[in-house]
Amino acid sequence: MSTTEQIEVKKQSEIKINDNKYTRVTSHLVLSAHLNAANTLFGGLLIQWVDECAGIFVMEKLKTHLIVTKKISEVLYNEPSRLGDVLELLCRIKKVGKTSLTVECVARAKQIDSDDRLRIILNCDLVFVKIDKFGKPSPHNFILEDI
Ligand SMILES: CC(C)(COP(=O)(O)OP(=O)(O)OC[C@H]1O[C@@H](n2cnc3c(N)ncnc32)[C@H](O)[C@@H]1OP(=O)(O)O)[C@@H](O)C(=O)NCCC(=O)NCCS
């Protein structure tokens with residue numbers, strides 16, 4: 001991939017919502033295997049996708065796979081997601097600590113063939129901690145200018 005293409009991909013994945021800048025990290029297509037008994041997206045699976053998405057985001061920021069989820073904040077399911085929805089999971093860094101990073105994750109959904117309206121179906125904050133090879137918290141040395 002050339003440098004030009006890399007810059008273009010980066011631009012496409014940056015999204016502004018209410019003056020906050022997010023990175024689109026992962027996407028999912030809601031299939032029938034993802035639904036609960038009420039025929040909407042199973043909430044536990046969405047949390048798994050959110051945790052994975054925020055984890056990838058933090059791994060890329062800290063350039064290490066040695067991170068763990070310390071905390072997932074209150075989760076509000078604002079709207080249901082249905083079969084055929086395309087989900088986008090977006091992340092931004094909210095707080096930088098010594099060993100931790102707090103990330104906000106937003107999940108938004110759209111039906112491709114309807115009005116293309118993006119519905120925010122969930123948002124929550126997650127705290128990740130960088131660990132050493134013994135599983136103990138370890139300074140990540142990430143600085144604000146890197147955001
Ligand atoms: C992550 C872990 C190593 C942290 O251990 P700990 O004893 O809490 O460590 P510390 O008290 O030094 O805290 C480490 C960081 O977490 C933050 N933290 C601790 N408790 C917190 C809480 N309740 N809410 C938010 N942040 C918290 C601290 O502020 C610190 O961040 P900082 O260095 O940026 O200030 C340990 O709790 C652990 O292994 N938990 C299990 C993780 C896991 O299995 N996750 C699921 C799979 S990924």
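These numbers were taken from a predicted model, which means no experiment stands behind them.
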Where do G84 and L29 come nearest, in terms of heavy atoms and distance? O-CD1, 3.7 Å
My understanding is that only residues two or more places apart in sequence, or in another chain, count here; which of them pass side-chain hydrogen bond (donor to acceptor under 3.5 Å, both in side chains) with D125? K94
Within the structure provided, determine whether F142 and K61 are in side-chain contact (heavy-atom separation under 4.5 Å). yes
Taking side chain as C-beta onward, heavy atoms only, is L118 less than 4.5 Å from E88? yes
May I ask you to decide if V25's main-chain N or O and T23's side chain share a donor-acceptor pair within less than 3.5 Å? no
The single option from V106, L87, I47, L89 that satisfies side chain to side chain contact (heavy atoms under 4.5 Å, CB included) with L122 is I47
Can you find a pair of side-chain heavy atoms, one from I131 and one from K136, that are under 4.5 Å apart? no
Correct closest heavy-atom pair for E104 and Y22 would be OE1-OH, 2.9 Å
Can you give me the closest heavy-atom contact between C91 and A54, atom names plus distance? SG-CA, 3.8 Å
Is any side-chain heavy atom of K110 closer than 4.5 Å to a side-chain heavy atom of D85? no
Using modelled atom types and a 3.5 Å cut-off, is there a donor and acceptor pairing between side-chain atoms of Y77 and backbone atoms of G43? yes
Could you tell me which residues satisfy side-chain hydrogen bond (donor to acceptor under 3.5 Å, both in side chains) with S138, sequence neighbours excluded, listed by chain and number? K130
When hydrophobic residues are tied together by side-chain contacts of less than 4.5 Å, even through go-betweens, does I15 share a cluster with I120? yes
Heavy-atom side-chain contact between V127 and L101 under 4.5 Å: no
Check: L62 and I67 side chains under 4.5 Å, non-hydrogen atoms: yes
State, with a plain yes or no, whether a side-chain heavy atom of C105 is found less than 4.5 Å away from one of L126. yes
Side chain to side chain, V58 and V103, heavy atoms closer than 4.5 Å: yes
Between W49 and T26, does the side-chain contact (heavy atoms from CB on, under 4.5 Å) criterion hold? Intermediate values first, please. CA-CA 8 Å; W49 288 346; T26 54; 5.9 Å; no
Whether the side chain of H28 engages the backbone of V30 through a donor-acceptor N/O pair (distance < 3.5 Å, no angle test) should be reported. no
For L41, run the side chain to side chain contact (heavy atoms under 4.5 Å, CB included) check against L83, L46, L31 and tell me which one passes. L46
Taking side-chain hydrogen bond (donor to acceptor under 3.5 Å, both in side chains) as the definition, give me every residue that meets it alongside N78, ordered by chain and number, with sequence neighbours left out. none
Might you point out which heavy atoms bring R119 and R82 nearest each other, and give the distance in Å? NH2-N, 4.3 Å
Closest approach of H65 and M59, non-hydrogen atoms and distance? CA-SD, 3.5 Å
